[in-house]
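Have a look at the structure below before the remarks.
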Amino acid sequence: AVGQIRTLIEGDFEGSPFGTTTSFRLRHAWGEWDLTPNLTLGAGQSWSTYYHFAGEIPTVDFSGMVGTAGFTQSRVRQIQIKSSTGPVSWAVGLLDPRSQIVGGDDNQLPDLAGKANFDLLGGQVGIGAIAREIHIDGSANGTGAGASSSAFGWGVNGGIDLPLGDMITLHAVAGYGDGAQELYAGPGAGAVVVGGDIRTNEGYGWGVGGSLRLSEASSMNAQYSTSKSSSKNLGGASDQRWERAHLNYMWQPVSKLRMGLEASWTERTLVGGVDDDNLRLQFGTWFFF
């Protein structure tokens, strides 16, 4: 009588994407209430309100493309209003503020985020944005000189999935932020404290890719993505740039099973100019139930 209510609880037994622990990790704990046929209230922990999914390719790699909001595994505690009418959907939300400073923030206000998705020629366009306060109380957390300091952080991102006929789909994503590096999956901290004052770090990320549909059950996907943070507030041992490429073959013979074989290359560059890279071959299997 009051409208449809849905809940989602999801977790896994991996302490971190690259760790070896088997502790339980809560991914989603989310509830939704349809206030009207086109307006939904959501609360709990789930994908951030600024994350729209457009522009990314499927990968075997757990983290996927860099240079995108999804690379940071952006699940966050929040309250959200969303709407979907025809080819347009949008959402706005108040988010639990994420720490941007090594040593900890004392943010007094929630982050404000929004996104919109538009159906386009069989594909989609997505845009997202976030605005936040970054605050420290130096006398409380030891990061400053006994005084409080505040700064403003913000970021925007966009993505597109564009079909070219029945077989080929092009993908592109880009983001820019200042004090909000999760919008472009940037290396380094979103802000640092210098002499008791907060100084935000800016940066950008982008990625391009394509998907080739080989049959009803199989496809090939390729992408290149990168992200870079400004070096002005980062130490020489901090990551400044990330680059990543994927090439994979995905096969889904039935709706409940998917397999993928993938080659991936990753490189990181430090502020001091030192490079590290990695090349690997990986296989993944998904069961849907």
Side-chain angles (χ1 to χ4, degrees), residues 16-19 48 50-74 98-103 105 126-130 132 134 151 153-160 170-194 198-210 221-248 262-282:
S16 69
F18 309 106
S48 174
Y50 62 72
Y51 186 32
H52 49 69
F53 295 96
E56 301 185 36
I57 72 165
T59 65
V60 175
D61 193 330
F62 186 88
S63 297
M65 300 167 62
V66 301
T68 77
F71 178 76
T72 54
Q73 302 296 312
S74 50
R98 291 194 169 186
S99 178
Q100 302 297 309
I101 299 174
V102 176
D105 312 4
I127 56 175
I130 192 170
R132 61 158 51 105
I134 307 173
W154 63 276
V156 293
N157 69 61
I160 184 171
L170 301 181
H171 311 275
V173 64
Y176 179 87
D178 187 9
Q181 83 274 28
E182 65 265 36
L183 262 292
Y184 59 93
V192 297
V193 179
V194 179
I198 296 174
R199 297 184 182 179
T200 56
N201 289 329
E202 60 182 340
Y204 64 87
W206 58 270
V208 293
N221 306 276
Q223 71 83 21
Y224 168 82
S225 56
T226 184
S227 64
K228 183 179 181 181
S229 293
S230 170
S231 62
K232 62 183 180 181
N233 294 317
L234 298 176
S238 299
D239 289 5
Q240 184 181 11
R241 185 183 184 95
W242 292 336
E243 295 180 84
R244 177 167 290 178
H246 294 95
L247 175 64
N248 65 50
E262 179 174 85
S264 72
W265 169 83
T266 302
E267 182 176 86
R268 69 171 188 167
T269 304
L270 307 184
V271 174
V274 179
D275 292 339
D276 294 305
D277 59 14
N278 172 267
L279 179 65
R280 63 183 176 182
L281 186 67
Q282 49 207 7

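Taken from CG in Asp239 to NZ in Lys228, the straight-line distance is 13.5 Å, to the nearest 0.5 Å. Atom-to-atom distance recorded for Leu247:CG and Gln223:CD is 10.0 Å, nearest 0.5 angstrom.
Put simply, the side chain of Asn221 does not reach to within 4.5 Å of the side chain of Thr59, judged on heavy atoms.
Between Ile134 and Ala191, the shortest heavy-atom contact is CD1-CB, 4.3 Å. When all heavy atoms are compared, the tightest approach of Glu243 to Thr226 is CG-OG1, 3.5 Å. The heavy-atom pair separating Val156 from Ala129 by the smallest distance is CG1-CB, 4.0 Å. For Gly126 against Ala54, the heavy-atom pair with the smallest separation is N-CB, 3.6 Å. The two residues Ser74 and Tyr51 have their closest heavy-atom pair at OG-CD2, 3.6 Å. Considering every non-hydrogen atom in both Val208 and Met65, the closest pair reads N-CE, 4.4 Å.
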Requested in this report: Test side-chain contact (heavy atoms from CB on, under 4.5 Å) on Asn157 and Thr68 and set out the steps.
Outcome: CA-CA 8 Å; Asn157 69 61; Thr68 77; over 6 Å; no
Query raised in the report: Going through the checks in order, is the side-chain contact (heavy atoms from CB on, under 4.5 Å) test met by Trp265 and Asp277?
Result: CA-CA 7 Å; Trp265 169 83; Asp277 59 14; 4.0 Å; yes
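Although no hydrogens or angles enter the test, the distance criterion places no donor-acceptor pair under 3.5 Å between the side chain of Glu262 and the main chain of His246. Between the side chain of Ser227 and the main chain of Tyr204, no donor-acceptor pair closer than 3.5 Å is present. Between the side chain of Asn248 and the backbone N or O of Pro58, at least one donor-acceptor pair lies under 3.5 Å. Between the side chain of Arg244 and the backbone N or O of Gly64, at least one donor-acceptor pair lies under 3.5 Å.
The aromatic ring centres of Trp206 and Tyr224 sit less than 6.0 Å apart.
In this model, a donor atom of one side chain and an acceptor atom of the other lie less than 3.5 Å apart for Thr269 and Asp275.
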